[in-house]
Amino acid sequence: MLTDAQTRALARQFGTPLWVMDAPTIRERLASLQAFDTVRYAQKANPNVHLLRLLREGGAKVDAVSRGEALRALAAGYQGGSARAATLHEAAQADIVYTADLLDRESLDFVVTEGLVVNCGSIDMLRQLGERAPGHAVWLRLNPGFGHGHSKKTNTGGEHSKHGIWHGDLTEALGVIQATGLRLVGLHLHIGSGVDYGHLGRVCGAMVDLVRQVKAAGLDLAALSAGGGLSIPYREGEPRIDPAHYFGLWDAARREAQTLLGHGLHLEIEPGRYLVAEAGALIAEVRAVKRQGQVPFVLVDAGFNELMRPAMYGAHHGLRLVTADGRVAADTAPSAVAGPLCESGDVFTQGAGGDIERRALPAAAVGDWLVIENTGAYGSSMSSNYNTRPLIAEVLLDGGAARLIRRRQRVEELLALEIESTETRQPAR
Ligand code: LLP
């Protein structure tokens, strides 16, 4: 995505480490999903308010999984209030859907006050909302009993997943909806991140069975959500998903469900990664090069507090060296690439079990830059302040311009949380 010249210019202008996002790539990915009635962005992938605005302008709706994410959506111009919309059809097109498996007390107050349509992943959540706000519009997030993900940690279906209402409990959930007067908008299935077509076929089949149960219980619905999970090619040669094929499978399920219910259904998809992953890169500077016995190490100024995916899942990200002086660097022995944190797991080249891997890279020198590719999703959004490292800056490229969309945090801001805290009762999250 970034040329060598752009990398040098951005690193010099904004400093490193630096997140860079490319607006045209995001717009292009969004456009490729236009066959769906709604594309709902799972903002957990990257919730920067400027990206939310960009996606809103492109026609995307948004998902929020916390009060904070919902406040971001409101700040980006999305509207609440749809939970009280006159028709289910309108509620199905809500700007914001709040998806969770539980509602803490503050969030329960918040979704009711703001009128946010809620996608419920537990029956307790449904009961609490129903008692508090009869008439509120809800989706049911169901666990079909199986799931799939690029890692065990991103599988969101099956017995070992905490997510969703178990498929066998659908009748009970529908009973709570009827008893409390909640209004059912639709059914939602998200079985994990990194889904393949084989699993997708099974999910679509499961959806039709679930719709059949809703009908048998005497209820109706207006929409189906295919969840997210669309994969992207992290490694060279990995296949890219075909949006038309993806839509075709879901559209067939939608048609079957329509036949069962005797009316049209709204079909939505809820991707995070697919929209933003390939639009993002992390630029880090090489600060040390050393050898541990036989293993060459390239040490850069970004760590797993910035990009957690390799340490958390053994995730693979392309690495590209950009020399500071424009020299053409010779190939060297495959190297491990690691960061500055005081923890041995702070390595960008590692497998899922934590074994250090080595990657072919040109010979790096201090002052060169390393571009860590495809980091637009679950990069900056999963960053932490570990080792008291402030969050880094984020830049958006659009129409030849580079705009700072998040300034770098200051250590003083972190310290203020501790030094200025005198209240015992904490304000809302
Ligand atoms: N919808 C629901 C209900 C979800 O739980 C998720 C992701 C998505 C949509 C978006 O999934 P996507 O299209 O981005 O795969 N941190 C992990 C991914 C965790 C995803 C959690 N839920 C990673 O870095 O791969």
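One-based numbering, in listed order, for ligands and for the atoms of each.
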**Request:** Could you label the plane-to-plane angle of the His89 and His266 rings as parallel, tilted or perpendicular, counting under 30° as parallel and over 60° as perpendicular?
**Result:**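 Correct class here is perpendicular.
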
**Request:** Name the option, out of Met382, His163, Lys153, Lys44, that contains the heavy atom nearest to atom 5 (O) of ligand 1.
**Result:**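 Answer by nearest heavy atom: Lys44.
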
Could you tell me the residue and atom name of the protein heavy atom closest to [atom], and the distance to it rounded to 0.1 Å?
atom	answer
atom 13 (O) of ligand 1	Gly229 N, 2.8 Å
atom 9 (C) of ligand 1	Glu270 O, 3.2 Å
atom 15 (O) of ligand 1	Ser193 OG, 2.5 Å
atom 14 (O) of ligand 1	Tyr378 OH, 2.6 Å
atom 24 (O) of ligand 1	Arg309 NE, 2.6 Å
atom 16 (N) of ligand 1	Tyr313 OH, 2.7 Å
atom 3 (C) of ligand 1	Arg141 NH1, 3.5 Å

**Item:** Arg8 side chain to Trp369 backbone, donor-acceptor under 3.5 Å
**Value:**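 Checking the backbone N and O of Trp369 against the side chain of Arg8, no donor-acceptor pair under 3.5 Å is found.
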
**Request:** Please confirm whether Thr156 comes under 4.0 Å of ligand 1, counting heavy atoms of the residue only.
**Result:**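 No, Thr156 has no heavy atoms under 4.0 Å from ligand 1.
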
**Prompt:** Which bit of Arg273 is near ligand 1, meaning a heavy atom under 4.0 Å away: side chain, backbone, both or neither?
**Reply:**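 Both backbone and side chain.
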
**Message:** Side chain, backbone, both or neither: which applies to Ala42 and ligand 1 if a contact is any heavy-atom pair less than 4.0 Å apart?
**Reply:**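 Side chain only.
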
**Residue pairs involving residues 192-233 (criterion ring pair (Phe, Tyr, Trp, His ring centres under 6.0 Å); sequence neighbours excluded)** =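 For residues 192-233: His148-His199, Tyr197-His245.
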
